[in-house]
Amino acid sequence: MATDLSGNVRLKDIGLFLRDRINAHFKARGVEATLKYLNPSYHIRSVPASPSDSVYCWNMARSAVHAAMAGNTEMLIGRWHGRFVHVPMPLAVRMRKQVGPTDDLWMAVVEATGQPLSFY
């Protein structure tokens with residue numbers, strides 16, 4: 001078996017396995033299902049993941065699995081008052097949200113990532 005640099009066994013992508021098993025499950029029962037699988041390693045990050053990033057993502061994924069196992073659809077996972085919650089899609093998209101280039105949120109992103117204030 002292949003190992004990583006630390007000597008741990010390099011496992012296959014569980015996401016692909018789950019995608020295929022879930023699709024096969026519904027197909028065998030004649031149920032039409034649409035399943036999207038996004039490999040998070042392909043998403044662009046400007047800085048390495050911190051331990052708190054990893055814990056946050058783990059909690060988001062765990063909440064998403066619980067939602068799916070409960071049969072919840074047309075929703076996303078959000079954080080509200082320190083708890084992960086199921087947010088119905090109509091509520092999540094009810095208004096357009098914008099981040100201003102001088103707002104505190106964007107300034108925090110710039111400081112955390114070392115990006116320039118502007119690209120022109």
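Small disclaimer: the values here were computed from a predicted structure and weren't measured.
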Discussion item. Applying side chain to side chain donor-acceptor pair (under 3.5 Å), can you list everything that pairs with Ser52, at least two apart in sequence or on another chain?
Written reply: Ser50
Item to complete: Could you list the residues that satisfy side chain to side chain donor-acceptor pair (under 3.5 Å) with Asp13, not counting sequence neighbours?
Response: Tyr37
Worksheet entry | Residues in side chain to side chain contact (heavy atoms under 4.5 Å, CB included) contact with Val110, at least two apart in sequence or another chain | Trp106, Leu117
Worksheet item: Which pairs, with at least one residue in residues 17-31 and sequence neighbours excluded, count as a side-chain hydrogen bond (donor to acceptor under 3.5 Å, both in side chains)?
Response: His25-Arg29
Worksheet item: Residues sharing Val55's hydrophobic cluster, by side-chain heavy-atom contacts under 4.5 Å among ILVMFWY, directly or via others?
Response: none
Worksheet item: Do Val93 and Ile77 belong together in a cluster built from hydrophobic side chains that touch within less than 4.5 Å?
Response: no
Worksheet item: Restricting to pairs with a member in residues 55-82, which pass side-chain hydrogen bond (donor to acceptor under 3.5 Å, both in side chains), not counting sequence neighbours?
Response: Asn59-Arg62, Asn72-His86
Worksheet item: Residues in side chain to side chain contact (heavy atoms under 4.5 Å, CB included) with Ala92, at least two apart?
Response: Leu76, Val87
Worksheet item: Excluding sequence neighbours, so at least two apart, what forms side chain to side chain contact (heavy atoms under 4.5 Å, CB included) with Val65?
Response: Met69
Worksheet item: From Met75 CE over to Leu91 CG, what is the distance, rounded to the nearest 0.5 angstrom?
Response: 11.5 Å
Check residues 4-11 and write down every donor-acceptor pair under 3.5 Å in which the side-chain atom is one partner and the other belongs to a residue at least two apart or another chain.
unit_1 : atom_1 : unit_2 : atom_2 : d
Asp4   : OD1    : Ser6   : N      : 2.9
Asp4   : OD1    : Gly7   : N      : 3.1
Asp4   : OD1    : Asn8   : N      : 2.9

Worksheet item: Say you draw a straight line from CZ of Phe17 to NZ of Lys12; how long is it, rounded to the nearest 0.5 Å?
Response: 10.5 Å
Worksheet entry | Close side-chain approach of Glu32 and Phe26, heavy atoms under 4.5 Å | no
Fill in: Hydrophobic cluster membership, Met107 vs Val109, 4.5 Å side-chain cutoff
yes
